[in-house]
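Written out below as structure tokens is the structure these notes cover.
These numbers were taken from a predicted model, which means no experiment stands behind them. A note on names: the letters A, B, ... follow the listed sequences, proteins ahead of strands, and every chain is numbered from 1.
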There are 2 protein chains.
Amino acid sequence: MTTEHAPASGRPTLEQVARVAGVSRATVSRVVNGEATVDPRLRELVEQAVTATRYVPNRAARSLVTGRTDSVALVVSEPDTADAAVPAAGALADPVFGRTVTGLLREFGPRGVQLPVHHAADEASRERLLAHLGQGHADGVVLLSSGPADPLAERLARGPLPLVLAGRQAGALPASYVALDQRAGGALAAVHLLERGCTRPAVVAGPPSGPGADPAHRERCDGFRGVAAERGAAEPPVAVAAADTPAAGADAARRLLAADPLTDALFATTDLLALGALAALRDAGRRVPADVAVVGFGDDAAVGAEPGLTTVRRPVEEMAAETARLLLRQIDQRGQRAPSVIFPPTLTVRATA
Amino acid sequence: MTTEHAPASGRPTLEQVARVAGVSRATVSRVVNGEATVDPRLRELVEQAVTATRYVPNRAARSLVTGRTDSVALVVSEPDTADAAVPAAGALADPVFGRTVTGLLREFGPRGVQLPVHHAADEASRERLLAHLGQGHADGVVLLSSGPADPLAERLARGPLPLVLAGRQAGALPASYVALDQRAGGALAAVHLLERGCTRPAVVAGPPSGPGADPAHRERCDGFRGVAAERGAAEPPVAVAAADTPAAGADAARRLLAADPLTDALFATTDLLALGALAALRDAGRRVPADVAVVGFGDDAAVGAEPGLTTVRRPVEEMAAETARLLLRQIDQRGQRAPSVIFPPTLTVRATA
DNA sequence: TTGTAGGCGTTATCAA
DNA sequence: TTGATAACGCCTACAA
């Protein structure tokens, strides 16, 4: 008398597979989880039953007993945007976010690791997130942080969950990270410009505070100036833009040109700034790259430039893939911290330099 | 003799909260789930115990018994990119993806609904995804589809899971959607240009096939021409760009200017195309907007223009939030299809028109 | 209104 | 090597 009280959802369970294969649940479980200690003949039987019933393990049940979730939280954190001048945009609208997701999914997807996204933009969402993660709803965390001093980074780093910081160094925090060699990027730009024959380069640097602020601006700038000094070029003057926008970049470029009309190369620490510089050069009647060569940084806004902007490209997808691998390793090794990795950027040469 | 066999993970369970509050698990469960039938005094007690123990429900356990997952899959689908000319970019790098996530999270976050992201770009990932979703790992699906004829859309629509198409109409598919009124966007641009005094407008339209192809180009174009005809303006000539890139936009604009040197307004069905048109106008020595006014579409690349690009803005975040609400309603109503919604765009006036 | 008890699908611990 | 059997944390009749 098979009572068969239908489990509401018509999906097959271990029990059913076991019945079909004529073995116990335990054996089916072993086969499904690839354990070695199982008779080849039984294994064969079970595998047939699995495909016959189209069985797929129930994540919730598995998670309940193993304590693992097979999911990694992608947390996009940004400083309270309430006071900032950037209203709608936000870190999620940055192509870097999408490219990061692409890279992460490349590793996680095939392994069946879920990637729930979280956005922490204010106190409330931060607390909710922390509580959520604290409950063990993810096996690890990828933190995509826009600010250097992120309160969330610290709290997550002190927490028990494996954590990898994406695109930003950990500083004093006990966490591994995957970051870009910003200095090397600046150096790349300098070498290219100098080898091109430029002798009076200048730098449009992003703001040290306010919208678009980022310590990376300074590192890129330092890398650029380091090479210039090393190669005996004139010490490149630096104009700091008020914000990371084309308008501010144009303004900074104008100041640079006014201070030294013979400037023949401009390195902007951001593509957006470079776009503004391009506009300023146009207005000033300078030809690009004949009179002034321009190199940007990021390869984000570069797609919008006509003619194409020569720029320093960050291997965001590859970095994200490495982030995923690092995190997976940490999860496997039960919290044992993985080494951090720094990626070198590359130069994408287009029309402006 | 409290045996207290530590549950490995030190997280509080219903049981512990119940002990602290001096009630039964059932009562705690009721309070946590907001059931009305519970004595206010007990409720108070339980709530205190919950905060004291920092209790957060265990999703896996809950999911196991309810059959729900409290998570919605965000599926980003794009046609096989293998042959396409766009290598690294992809739909995820588009700011629209991030803005959509922002809007979805606005609704899902506070309700504790997870948002795992999936990327379906080839046959393998599509099948894996379908199997995954078929197993009931999500309560519903938001499909962000780049192509009009998406094989995934059809299969999901026929499946049992609640589905909402984001940013694209369903066509013949049995699914609800949230889309933009593309025609109205074109009309908006036309009205603005005409009221500005322009009399010889022209259109740079995106490609009907190939990279950046999208039926929306035509709708925007139709909306624009409809208003022009209605208001007795000259029939606007249309140049179709070879791709959705600034270079192709510049090329199309040049053709338009050559055909009619008196052209005094340009509407591009994409911001990227508009950027190219701007460059072409510059090269041709036309002042913008004095000689030729320019309006773009999307407000994506607009951030990269200097001076600012006047453009048609899509309320992507709001649309995504509505998508979330629609889906939630469908999930609550056990598959009962929700009505679709079409959003009107707005005009963002900057410097070019 | 509250508590008791059974079961969701899986893994893990034992015996056999 | 295999099979019972006991959790895992929660919800939900059902009984009180």
Side-chain angles (χ1 to χ4, degrees), chain A residues 3-46 49-50 53-70 112 132 134-137 139, chain B residues 3-47 49-50 53-70 112 135-137:
Chain A
T3 327
E4 282 296 331
H5 42 140
S9 59
R11 285 185 297 265
T13 81
L14 264 193
E15 176 68 36
Q16 326 217 12
V17 179
R19 224 153 31 207
V20 171
V23 298
S24 73
R25 292 203 308 264
T27 301
V28 179
S29 177
R30 291 188 186 102
V31 171
V32 168
N33 291 14
E35 280 184 38
T37 65
V38 49
D39 186 288
R41 283 169 309 197
L42 280 193
R43 173 184 300 280
E44 174 72 13
L45 238 57
V46 170
V50 164
T53 55
R54 308 168 127 271
Y55 170 78
V56 182
N58 178 314
R59 271 182 126 96
R62 176 178 280 176
S63 174
L64 183 55
V65 53
T66 61
R68 289 197 342 266
T69 63
D70 286 324
H132 177 84
Q135 227 298 322
H137 288 321
D139 298 339
Chain B
T3 327
E4 283 296 329
H5 42 141
S9 59
R11 281 177 255 112
T13 80
L14 263 194
E15 175 67 38
Q16 326 219 13
V17 179
R19 226 153 29 208
V20 172
V23 297
S24 74
R25 292 202 309 262
T27 300
V28 179
S29 176
R30 292 188 186 102
V31 171
V32 168
N33 292 16
E35 280 185 39
T37 67
V38 49
D39 187 288
R41 282 170 309 197
L42 280 193
R43 174 183 299 280
E44 174 72 13
L45 239 58
V46 170
E47 276 164 355
V50 164
T53 55
R54 308 167 129 271
Y55 170 78
V56 181
N58 179 314
R59 277 182 119 90
R62 177 178 279 177
S63 175
L64 185 55
V65 54
T66 61
R68 292 199 339 269
T69 63
D70 287 320
Q135 227 296 321
H137 289 320

Without decimals, in angstroms, what is the distance between [X] [atom1] and [N] [atom2]?
X         : N       : atom1 : atom2 : result
Leu45(B)  : dG3(C)  : CG    : P     : 11 Å
Asn33(A)  : dA12(C) : CG    : P     : 7 Å
Arg43(A)  : dT2(D)  : CZ    : C1'   : 13 Å
Glu15(B)  : dC10(D) : CD    : P     : 10 Å
His137(B) : dT10(C) : NE2   : C1'   : 13 Å
Arg41(A)  : dT2(D)  : CZ    : C1'   : 13 Å
Arg19(A)  : dG9(C)  : CZ    : P     : 11 Å
Arg68(A)  : dC8(D)  : CZ    : P     : 18 Å

Counting side-chain heavy atoms from CB outward, which of [options] is closest to [X]?
X        : options                  : answer
Val23(A) : dT2(C), dC11(D), dG3(D)  : dG3(D)
Ala26(A) : dT2(C), dC8(C), dA4(D)   : dA4(D)
Leu14(A) : dT10(C), dC10(D), dT2(D) : dT10(C)
Val38(A) : dC10(D), dT2(D), dT2(C)  : dT2(D)
Arg30(B) : dT2(C), dT11(C), dC8(C)  : dT2(C)
Arg25(B) : dT2(C), dT10(C), dC11(D) : dC11(D)

Minimum heavy-atom separation for Arg62(A) to Val32(A), with atom names?
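Minimum heavy-atom contact is NH2-CG1, 3.9 Å.
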So which atom in Val17(B) and which in Val46(B) form the shortest heavy-atom distance, rounded to 0.1 Å?
CG1-O, 4.4 Å
For Asn33(B) and Glu35(B), indicate whether the former's side chain and the latter's backbone hold a donor-acceptor pair under 3.5 Å.
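It does not hold such a pair.
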Checking Arg11(A) side chain against Asn58(A) main chain: does a donor-acceptor pair fall under 3.5 Å?
no
Mind checking Leu64(B) for me? I need base, sugar-phosphate or nothing, with any heavy atom below 4.0 Å counting as a touch.
base
Is there a side-chain contact between Ser24(A) and the phosphate of dT2(D), meaning an N or O under 4.0 Å from OP1 or OP2?
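For dT2(D), neither OP1 nor OP2 has a side-chain N or O of Ser24(A) closer than 4.0 Å.
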Is Ser29(B) close enough to dC11(D) that one of its side-chain N or O atoms is under 4.0 Å from OP1 or OP2 there?
yes
With nearest nucleotide decided by heavy atoms, which residue, Asp39(B) or Ala61(B), maps closer to the 5′ end of DNA chain C?
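Comparing both residues, the 5'-ward one is Asp39(B).
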Residues which pass salt bridge (charged side-chain N to carboxylate O under 4.0 Å, His left out) with Glu15(A), listed by chain and number, not counting sequence neighbours
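Checked Glu15(A) against salt bridge (charged side-chain N to carboxylate O under 4.0 Å, His left out); matches are Arg19(A), Arg25(A).
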